[in-house]
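Because the structure is a prediction, the values reported are computed rather than measured. In what follows, chains are A, B, ... by sequence order, proteins preceding strands, each numbered from 1.
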Number of protein chains: 2
Amino acid sequence: MAAPIRVAIVGMGKIAHDQHLPSIAGNGDFELAATVSSRGEAVNDLPHFRTLGELLEAGVDVDAVALCTPPQVRYDLAAQAIAAGKHVFLEKPPGATLAEVALLDAQAAAAGVTLFASWHSRYAAGVEPARQWLRGRKITAASIVWREDVRVWHPGQDWIWEPGGLGVFDPGINALSIATHILPPFFLLEGRLSLPSNRAAPIAADLHFRTSDGAPVHMDLDWRQTGPQSWDITVETDGGTLKLEKGGAVLTTPEGTQATDDREYPGLYARFAELVHAGTRDVDTAPLRLVADAFLRGHRLTVEEFHD
Amino acid sequence: MAAPIRVAIVGMGKIAHDQHLPSIAGNGDFELAATVSSRGEAVNDLPHFRTLGELLEAGVDVDAVALCTPPQVRYDLAAQAIAAGKHVFLEKPPGATLAEVALLDAQAAAAGVTLFASWHSRYAAGVEPARQWLRGRKITAASIVWREDVRVWHPGQDWIWEPGGLGVFDPGINALSIATHILPPFFLLEGRLSLPSNRAAPIAADLHFRTSDGAPVHMDLDWRQTGPQSWDITVETDGGTLKLEKGGAVLTTPEGTQATDDREYPGLYARFAELVHAGTRDVDTAPLRLVADAFLRGHRLTVEEFHD
């Protein structure tokens with residue numbers, strides 16, 4: 001058994017507390033070594049720092065860092081960690097731009113460290129079985145409906161509305177991370193982005209894609225949904241309809257329905273350990289590329305102001 | 001001497017007439033075989049068709065196609081040509097989205113045909129000497145100033161203002177194709193896009209990039225320039241200042257100035273022949289990726305209406 005990977009969490013926000021801490025605690029391949037937080041937050045009397053630079057200078061024994069900060073500041077932290085020879089786990093999206101992620105990947109390759117652009121939704125319980133089920137079947141159409149209430153899920157997160165914060169594509173990129181994993185390659189034909197007049201990022205989007213085989217893929221993203229929430233992908237095939245619900249957790253095919261407990265972040269950390277031990281990287285930018293394409297090619301509509 | 005590559009031009013607009021026809025005529029590796037134009041335009045009594053599909057069905061002997069249509073319709077044409085086993089020369093930008101270009105590249109690889117995403121400005125006379133001069137020197141800053149009068153250069157080209165048409169990034173991507181060729185990798189930190197209130201694409205942009213070495217790269221793009229036009233890149237180094245002017249045609253270093261006749265499109269066709277003969281592809285999406293990043297991450301300002 002290899003020694004545990006000593007990991008520091010950078011950015012002690014909601015996702016670090018809800019997901020990273022319990023996943024690290026529950027995986028024997030990892031040991032939490034330190035935390036970095038602008039508020040100086042500590043965990044279990046472990047070393048804690050206000051910046052990654054302070055952690056690196058302090059000489060704390062750390063093999064890897066998990067970057068849970070907003071994407072707009074992720075590049076500098078990742079580049080700094082890679083230059084110090086640390087393995088890097090990037091929260092999604094892996095950066096604020098595609099070019100910076102490509103650059104980090106090249107830097108990690110040159111430094112011989114692991115870089116993991118994580119897409120947690122790909123580790124939802126139904127996703128891998130869905131991928132297997134679709135293999136060999138002819139896909140004729142797909143529909144993605146991701147409708148949630150931003151006030152419930154992102155209360156007061158101003159960074160998400162800033163350029164680079166993606167707006168409704170912050171959850172929407174989760175759907176795209178699943179779709180790019182289970183469907184043939186697809187690309188944008190046309191789209192409409194709805195932007196509140198007081199915000200720089202979209203609150204809703206309606207996108208028409210097409211797969212390499214000519215099948216239409218429609219995506220309906222909306223952050224203004226109250227009442228029941230939807231995180232569903234439906235795929236029509238020559239072997240019947242596949243439906244992934246609850247963000248990929250529940251899978252229904254003509255053979256029946258399966259649902260399993262949430263194992264997304266434990267799955268991500270298992271994958272990260274595998275990459276570190278194998279000395280390799282996993283940096284798939286396809287979901288972010290589709291979002292960039294939507295910003296590049298989509299029509300923009302101005303809609304009413306949004307206030308938290 | 002191999003038999004000439006029999007090439008068909010698809011899209012008989014300004015760029016086909018001004019550049020593609022004379023470059024094909026002036027290169028013994030090529031022979032013009034047919035034209036495709038929605039207006040049914042013929043050249044030298046050669047076979048002519050209204051669609052690429054008609055050309056392919058007619059069984060005309062063609063090895064390659066040069067796609068000179070607007071980017072919004074390029075994917076379907078390229079996919080059709082690749083599926084028919086033809087080599088493909090893509091005008092810039094290679095597509096309306098990054099995902100479709102990646103998909104075409106995969107399709108060309110699978111079909112064993114050449115795909116060439118052409119960036120004509122990289123073949124401007126000063127670019128390769130600039131690249132050589134910069135090699136081994138430390139770059140401390142760079143500035144790109146691309147200011148032209150859209151009414152002079154793109155009169156009545158409505159497609160350029162539509163989503164996928166890039167607006168001022170249509171010339172700006174030429175600058176980025178040079179900069180990504182001669183500078184270390186760089187990525188966007190922040191930017192401002194100015195959009196006329198009656199148009200879907202920017203008329204100006206102000207962008208701040210940074211190289212992997214930490215050097216700032218500033219880009220000033222404007223389509224509202226009357227009087228003298230600017231297509232200049234200035235690079236500050238530890239060995240003095242390098243300046244590329246007139247879109248890359250004129251190079252000045254501390255050693256002096258060199259200017260040569262325009263050889264951009266002849267250079268592109270020489271490269272295309274080389275790729276076809278070698279059985280390889282050249283699909284660099286870095287310039288389009290930076291544009292997508294600018295749309296993804298840039299702030300948008302609304303400016304006054306633009307009318308041709």
Side-chain angles (χ1 to χ4, degrees), chain A residues 71-73 75-76 79 83 93 95-107 110 162-167 169 176 180 184-193 195 197 199-201 209-214 285-302, chain B residues 71-73 75-76 79 83 93 95-107 110 162-167 169 176 180 184-193 195 197 199-201 209-214 285-302:
Chain A
Q72 293 96 328
V73 299
Y75 173 84
D76 282 337
T97 64
L98 287 162
E100 72 192 59
V101 180
L103 186 50
L104 289 176
D105 195 29
Q107 290 167 354
E162 293 301 311
L166 301 189
F169 285 95
L176 290 171
T180 51
F186 56 94
F187 61 95
L188 187 71
L189 297 177
E190 57 171 334
R192 230 180 303 273
L193 310 185
L195 288 93
S197 55
R199 300 286 183 168
F209 301 96
R210 198 174 66 202
T211 71
S212 51
D213 303 325
T285 56
L288 184 59
R289 191 169 63 191
L290 288 172
V291 175
D293 282 343
F295 278 71
L296 180 66
R297 171 126 216 212
H299 285 264
R300 280 153 193 270
L301 302 176
T302 302
Chain B
Q72 292 96 328
V73 299
Y75 172 84
D76 283 337
T97 64
L98 289 161
E100 73 191 58
V101 180
L103 186 51
L104 289 176
D105 195 28
Q107 289 166 356
E162 293 301 310
L166 301 188
F169 285 95
L176 289 172
T180 51
F186 57 93
F187 61 94
L188 187 71
L189 296 177
E190 57 171 334
R192 229 178 303 272
L193 310 185
L195 287 95
S197 55
R199 300 285 183 168
F209 300 96
R210 198 173 68 202
T211 72
S212 50
D213 303 327
T285 56
L288 184 59
R289 192 170 61 190
L290 288 171
V291 175
D293 282 344
F295 278 72
L296 180 67
R297 171 125 215 214
H299 285 265
R300 279 153 194 270
L301 303 174
T302 301

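Heavy-atom pairs under 4.5 Å with chain A were tallied for B/Arg300, B/Gln107, B/Glu162; the largest tally goes to B/Arg300. Between chain A and the options B/Ala200, B/Ala96, B/Pro185, heavy-atom pairs under 4.5 Å are most frequent for B/Ala96. Looking only at heavy-atom pairs under 4.5 Å with chain B, the residue among A/Leu296, A/Leu103, A/Leu288 that has the most is A/Leu296.
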As a quick check of understanding, evaluate side chain to side chain contact (heavy atoms under 4.5 Å, CB included) for B/Arg289 and A/Arg289, giving each step before the final call. CA-CA 9 Å; B/Arg289 192 170 61 190; A/Arg289 191 169 63 191; over 6 Å; no
For A/Leu189 and B/Thr97, run side chain to side chain contact (heavy atoms under 4.5 Å, CB included): C-alpha distance rounded to whole Å, both residues' side-chain angles, the deciding distance at 0.1 Å, then the answer.
CA-CA 9 Å; A/Leu189 297 177; B/Thr97 64; over 6 Å; no
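Minimum interatomic distance between B/Ala292 and A/Ala292 (heavy atoms only, all atoms of both residues): CB-CB, 4.0 Å.
With a threshold of 4.5 angstrom between heavy atoms, A/Phe209 does not approach chain B through any atom at all. Residue B/Glu190 does not touch chain A at all, counting heavy-atom pairs closer than 4.5 Å. If you measure heavy-atom distances from A/Leu188 to chain B, the contacts under 4.5 Å come from both the backbone and the side chain. Only the side chain of A/Leu290 comes within less than 4.5 Å of a heavy atom of chain B; its backbone N, CA, C and O stay farther away. When heavy atoms are compared at a cutoff of 4.5 Å, B/Phe186 approaches chain A solely by way of its backbone atoms N, CA, C and O. Using a 4.5 Å cut-off between heavy atoms, B/Leu98 contacts chain A through both its backbone and its side chain. Residue B/Leu195 does not touch chain A at all, counting heavy-atom pairs closer than 4.5 Å.
In this structure, the side chains of B/Asp76 and A/Arg210 come closer than 4.5 Å at one or more pairs of heavy atoms.
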